[in-house]
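Both ligands and their constituent atoms are indexed starting at 1 by order of listing. We count residues from 1, following the sequence as given. All of these numbers come straight from a predicted model, not from anything done at the bench.
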Amino acid sequence: MENAKAYPKFHFCPKSGWMNDPNGLMYLNGQYHMFFQYQPFSTEFGNMHWGHASTKDFIHWNHLPIALYPDTDGCIYSGSAAEIQTENGQNQIMAIYAHHGYDPEGTESIHIAFSLDKINFTPYEGNPVIFMPQYKYFRDPYLFQCPNETFWRLAVSTGNMILFLVSEDLIHWNETGRFIRKEDDIVGLWECPQLCRVKYEDTFKWVLIISHGMEAENGGSRTRYFIGSFNGYTFIDETPGSTSKWVDFGPDSYAGAFFRNTEDHPVFIAWMSNWAYAKNIPADGYRGVMSLPVSVSLTKENEFLLSFQPVSNLLKVFSEPQPLPDQQVAALPDAVCLEISAKNGSVAILKDIQGRELLCFGIDSDGYIFLNRSGESARTIPHFEGSFTSSIKNCSDHMCVFIDRNTFELFANGGHSKCSALFFSDSPLILWFQDMKIQKRDYTAISED
Ligand code: FRU
């Protein structure tokens with residue numbers, strides 16, 4: 001349904017059906033492969049498969065055949081993948097994922113599947129490879145390796161902790177350790193762990209990312225990160241007790257994951273939605289969109305923080321910046337990038353042509369970036385309304401906003417403050433702004449399809 005009114009121009013969406021988490025991300029032979037949680041037959045969540053797409057540039061995506069199908073006992077939840085060698089030296093992809101049972105308990109176990117052609121997968125006949133019935137939730141296995149090790153490691157979420165396991169043959173797994181947080185308030189179900197070594201000057205830090213369903217700080221689902229080390233058994237948070245650090249201060253960034261083999265400049269992509277209302281947002285033949293892919297880096301002032309910037313080739317598909325007249329109101333195309341220079345107390349309101357407020361954003365008088373989604377259009381979707389403020393004080397006057405049909409992504413504060421939000425309107429967009437200088441860059445790339 002690419003001509004559906006809201007089909008984004010420079011974001012990945014399935015052509016039809018329901019999509020949530022990115023899965024099994026990897027860079028391989030010049031292509032970025034993305035698998036994803038997918039229900040092909042309906043725009044409602046359920047009966048999950050792994051969809052598959054690939055891209056060379058993160059703008060033009062090839063929609064590939066479904067990679068993994070449910071079996072008679074259950075369906076395919078999130079997981080990861082890696083290229084490995086067969087016994088006779090051929091390259092193949094191994095996917096490792098949670099099998100979610102159709103039984104009343106929704107029993108979860110870890111399964112694997114192999115693909116020689118990187119398109120068609122065959123589940124391993126000895127599945128499950130890990131079954132720990134003591135855990136009701138046992139999902140989202142994330143496969144990783146430590147430097148100079150030949151064996152594989154796995155991080156699996158049990159709902160309120162991350163279990164680490166190790167294996168020499170990817171089939172037999174033994175537990176090595178657990179990551180638990182005693183100091184947590186309620187943050188909701190732990191899901192989708194990701195572990196990545198990120199470079200800082202001439203050393204590396206391990207970053208652990210955990211997504212939290214439903215009860216995170218913003219009242220919905222949200223993704224946080226920890227910075228530390230991996231001691232061979234488990235992840236060690238180097239600042240235990242410090243306030244939680246969130247990947248995105250907006251409402252619509254969840255289950256974010258790293259592309260394997262991009263470790264020099266890790267690339268991360270997330271599902272742009274929130275379990276608080278994902279099932280209620282308008283569907284137009286498809287439901288679900290991925291965020292812009294971002295490059296992740298580490299910075300340190302008082303403490304280590306992650307910085308997120310849109311991948312570098314993204315701006316190549318936008319026109320040169322043209323200043324918006326200082327008239328405080330401008331018509332906007334539905335796919336655009338705005339380079340904004342803003343100071344404390346500045347504000348912008350995105351409206352539709354009927355004058356209905358969609359989103360309001362700016363920098364408050366104390367120097368915190370905010371986003372309000374509380375206009376009339378937000379009130380029609382239960383739990384969609386909200387106000388969101390960055391936890392880090394802003395110390396840069398530059399912000400960059402990408403709007404693509406119904407997606408809004410703001411990057412500010414040198415990449416330390418990122419805000420992702422959906423909005424819904426069928427009408428042309430108007431931007432009203434105050435105390436901001438804005439340069440507009442139109443989306444210029446022509447779709448290959
Ligand atoms: C996260 C999640 C995962 C699960 C998948 C099911 O959004 O709940 O924990 O594997 O979605 O689609």
Original post:
Salt bridge between Lys136 and Glu105, side-chain N to carboxylate O under 4.0 Å?
Top reply: no
Original post:
Relative to the ring of Phe226, is the ring of Phe179 parallel (under 30°), tilted (30 to 60°) or perpendicular (over 60°)?
Top reply: perpendicular
**OP:** Between Asn23, Ile76, Asp140, Thr223, flag the one that comes closest to atom 9 (O) of ligand 1 by a heavy atom.
**Re:** Asp140
Subject >> Phe45 to ligand 1, any heavy atom closer than 4.0 Å >> reply: yes
**OP:** In sequence, state the C-alpha distance, the side-chain angles, and the governing distance for Asn413 and Ser396, and then conclude on side chain to side chain donor-acceptor pair (under 3.5 Å).
**Re:** CA-CA 5 Å; Asn413 206 10; Ser396 151; 5.7 Å; no
Original post:
Which of the numbered atoms in ligand 1 are below 4.0 angstrom from a heavy atom of Gln37?
Top reply: 5 (C), 6 (C), 12 (O)
**OP:** Over 60° means perpendicular and under 30° means parallel, so classify the ring planes of Tyr32 and Tyr27, tilted if in between.
**Re:** tilted
Original post:
Relative to ligand 1, is Leu189 under 4.0 angstrom through side chain, backbone, both or neither, heavy atoms considered?
Top reply: neither
Original post:
For ligand 1, which atoms, with element, lie under 4.0 Å from some heavy atom of Tyr254?
Top reply: 1 (C), 7 (O)
**OP:** Answer yes when Arg405 and Asp284 have at least one side-chain N-carboxylate O distance shorter than 4.0 Å, and no when they do not.
**Re:** no
**OP:** Have a look at Phe361 and tell me which of Phe388, Phe423, Phe408, Tyr368 forms a ring-ring contact (aromatic ring centres under 6.0 Å, His included) with it.
**Re:** Phe408
**OP:** From the options His100, Glu191, Glu108, His212, select the one whose nearest heavy atom is closest to atom 8 (O) of ligand 1.
**Re:** Glu191
Original post:
For atom 5 (C) of ligand 1, which protein heavy atom lies nearest, and how many Å away is it?
Top reply: Asp21 OD2, 3.5 Å
Original post:
Does any N/O atom on Ser78 come nearer than 3.5 Å to any N/O atom on ligand 1?
Top reply: yes
